[in-house]
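Read the structure below first, then the notes.
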Amino acid sequence: MGEVDRIIVTGTAGALGGAVAEHFLAQGVEVIGLDISHESATLTEDKENPGFFTMKVDLTEAKKVRAVLASITDKRGPVDGLVHCTGGFRWSKFDEVSDEDIDFLVRVNLMSTLWVVREVLGGFKKRGFGRIVLVSSRSTLGPGVGEGAYTASKAGINALVKSVAAEIAADDITINAVLPSIIDTPANRAEMPDADHDTWVSLPGLAAIISAFFAPQGAPLNGALLPVSGRT
């Protein structure tokens with residue numbers, strides 16, 4: 001897949017992160033999967049999926065992210081890209097939203113993004129190459145009722161993309177974000193069993209769109225906030 005041989009994918013214990021990892025592995029790219037729900041706190045290769053290494057890590061803690069990224073480089077070598085799928089959702093009218101929900105959304109959606117992007121970016125700058133794709137939300141373009149805290153935490157990702165894109169414009173490094181609407185995951189189907197699931201964004205389709213940013217034809221894309229709306 002061009003110059004991309006090894007990437008980090010976060011949230012690989014979840015539906016989207018797992019789909020993204022599967023997509024890249026099928027193209028011969030080594031995938032380092034990071035998720036708080038993985039079993040081992042050390043980098044472990046999946047016996048059933050050669051080239052897929054997983055590690056348990058809390059990406060909301062800056063020191064742990066720094067240590068894990070350094071250990072990945074030491075054990076596997078430099079990475080060429082990052083797909084940050086870690087995230088979460090809470091719905092609440094804003095005057096009723098709990099302290100715990102705000103803290104969760106800011107830590108999981110925004111802080112994890114800041115820590116991971118910061119730690120990979122230095123290595124990309126040293127090597128003069130790198131690809132970053134973040135997962136934001138279409139809701140940031142027009143938040144609905146009950147989405148205030150959620151979209152505020154995701155809108156910070158959009159701002160980060162624009163700022164870092166300007167910072168790296170002279171290098172062969174890109175940062176972009178996809179802004180999906182409702183993704184067709186088992187969890188979302190369970191939450192909304194009566195919805196028209198055929199109109200949602202499919203996991204394989206979104207994974208393919210994300211991978212396009214890593215392909216040679218994706219090289220000119222930098223600072224893009226790409227809505228992926230399915231048929232909603």
Side-chain angles (χ1 to χ4, degrees), residues 3-12 14 16-17 20-21 24 29-36 53 55 57-74 76-88 104-137 140 150-180 206-207 209-214 218-219 221-226 228:
E3 298 180 72
V4 179
D5 297 314
R6 179 180 300 110
I7 68 169
I8 292 172
V9 179
T10 70
T12 40
L16 178 57
V20 170
F24 278 97
V29 177
E30 182 178 305
V31 175
I32 310 294
L34 305 180
D35 198 298
I36 196 169
F53 296 81
M55 189 173 183
V57 58
D58 185 349
L59 297 173
T60 70
E61 298 188 21
K63 291 182 179 179
K64 290 185 178 180
V65 172
R66 184 180 298 113
V68 164
L69 267 293
S71 71
I72 289 171
T73 301
D74 289 341
R76 299 303 308 165
V79 298
D80 306 304
L82 164 70
V83 182
H84 185 51
C85 299
T86 295
F104 168 82
L105 291 168
V106 171
R107 288 188 300 105
V108 172
N109 290 337
L110 182 56
M111 299 309 296
S112 71
T113 305
L114 296 174
W115 303 146
V116 175
V117 171
R118 183 182 67 177
E119 294 309 315
V120 301
L121 190 58
F124 291 169
K125 285 183 175 180
K126 288 179 182 178
R127 297 178 61 218
F129 179 82
R131 299 286 182 263
I132 300 171
V133 177
L134 308 178
V135 179
S136 180
S137 170
T140 59
Y150 169 72
T151 52
S153 67
K154 285 288 192 177
I157 295 174
N158 300 356
L160 180 67
V161 166
K162 292 298 186 181
S163 177
V164 174
E167 183 178 324
I168 59 180
D171 302 310
D172 190 9
I173 304 170
T174 64
I175 181 170
N176 299 283
V178 291
L179 281 60
L206 185 53
I209 289 169
I210 289 171
S211 74
F213 287 102
F214 290 77
L221 297 171
N222 185 38
L225 302 175
L226 178 65
V228 184

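In what follows, every heavy atom counts, from backbone to side chain, and hydrogens, waters and symmetry copies are set aside.
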Please give me the minimum heavy-atom distance between [X] and [Y], naming the atom from each residue.
{"X": "Val20", "Y": "Cys85", "value": "CG2-SG, 4.1 Å"}
{"X": "Gly88", "Y": "Val108", "value": "N-CG1, 3.7 Å"}
{"X": "Thr12", "Y": "Gly17", "value": "CG2-O, 3.6 Å"}
{"X": "Phe214", "Y": "Ile7", "value": "CE2-CG2, 4.1 Å"}
{"X": "Ser136", "Y": "Lys154", "value": "OG-O, 3.5 Å"}
{"X": "Lys162", "Y": "Gly223", "value": "NZ-O, 2.8 Å"}

Just verifying a value: how many Å separate [X] [atom1] and [Y] [atom2], rounded to the nearest 0.5 Å?
{"X": "Glu30", "Y": "Arg76", "atom1": "CD", "atom2": "CZ", "answer": "4.0 Å"}
{"X": "Met111", "Y": "Glu61", "atom1": "CE", "atom2": "CD", "answer": "11.5 Å"}
{"X": "Leu226", "Y": "Leu221", "atom1": "CG", "atom2": "CG", "answer": "8.5 Å"}
{"X": "Arg127", "Y": "Asp172", "atom1": "CZ", "atom2": "CG", "answer": "10.5 Å"}
{"X": "Ile132", "Y": "Phe213", "atom1": "CD1", "atom2": "CZ", "answer": "12.5 Å"}
{"X": "Trp115", "Y": "His84", "atom1": "CH2", "atom2": "NE2", "answer": "12.0 Å"}

Next item on the list: Check side chain to side chain contact (heavy atoms under 4.5 Å, CB included) between Thr174 and all other residues, then give those that pass, not counting sequence neighbours.
Entry: Arg131, Asn176, Asn222
Note to self: Applying side chain to side chain contact (heavy atoms under 4.5 Å, CB included), can you list everything that pairs with Ser153, at least two apart in sequence or on another chain?
What the structure shows: Leu105, Asn109
Are [X] and [Y] side-chain neighbours, meaning at least one heavy-atom pair lies under 4.5 Å?
{"X": "Asn158", "Y": "Leu179", "value": "yes"}
{"X": "Leu121", "Y": "Glu167", "value": "yes"}
{"X": "Ile36", "Y": "Leu59", "value": "no"}

Say whether, by atom type as modelled, one donor and one acceptor occur between the side chain of [X] and the main chain of [Y] under 3.5 angstrom.
{"X": "Asp80", "Y": "Asp5", "answer": "yes"}
{"X": "Ser163", "Y": "Leu160", "answer": "no"}
{"X": "Thr10", "Y": "Leu34", "answer": "no"}

Next item on the list: Before giving the answer on side chain to side chain contact (heavy atoms under 4.5 Å, CB included), spell out for Met55 and Ile32 the whole-Å C-alpha distance, their side-chain angles and the decisive distance to 0.1 Å.
Entry: CA-CA 8 Å; Met55 189 173 183; Ile32 310 294; 5.8 Å; no
List the atom pairs, with distances to 0.1 Å, where a side-chain N or O of residues 65-74 and a protein N or O form a donor-acceptor pair under 3.5 Å, not counting sequence neighbours.
{"from": "Ser71", "atom 1": "OG", "to": "Val68", "atom 2": "O", "distance (Å)": "2.8"}
{"from": "Thr73", "atom 1": "OG1", "to": "Leu69", "atom 2": "O", "distance (Å)": "3.2"}

Notebook entry, point to check: Per the side-chain contact (heavy atoms from CB on, under 4.5 Å) rule, which among Val9, Leu134, Val83 passes with Ile210?
Noted result: Val83
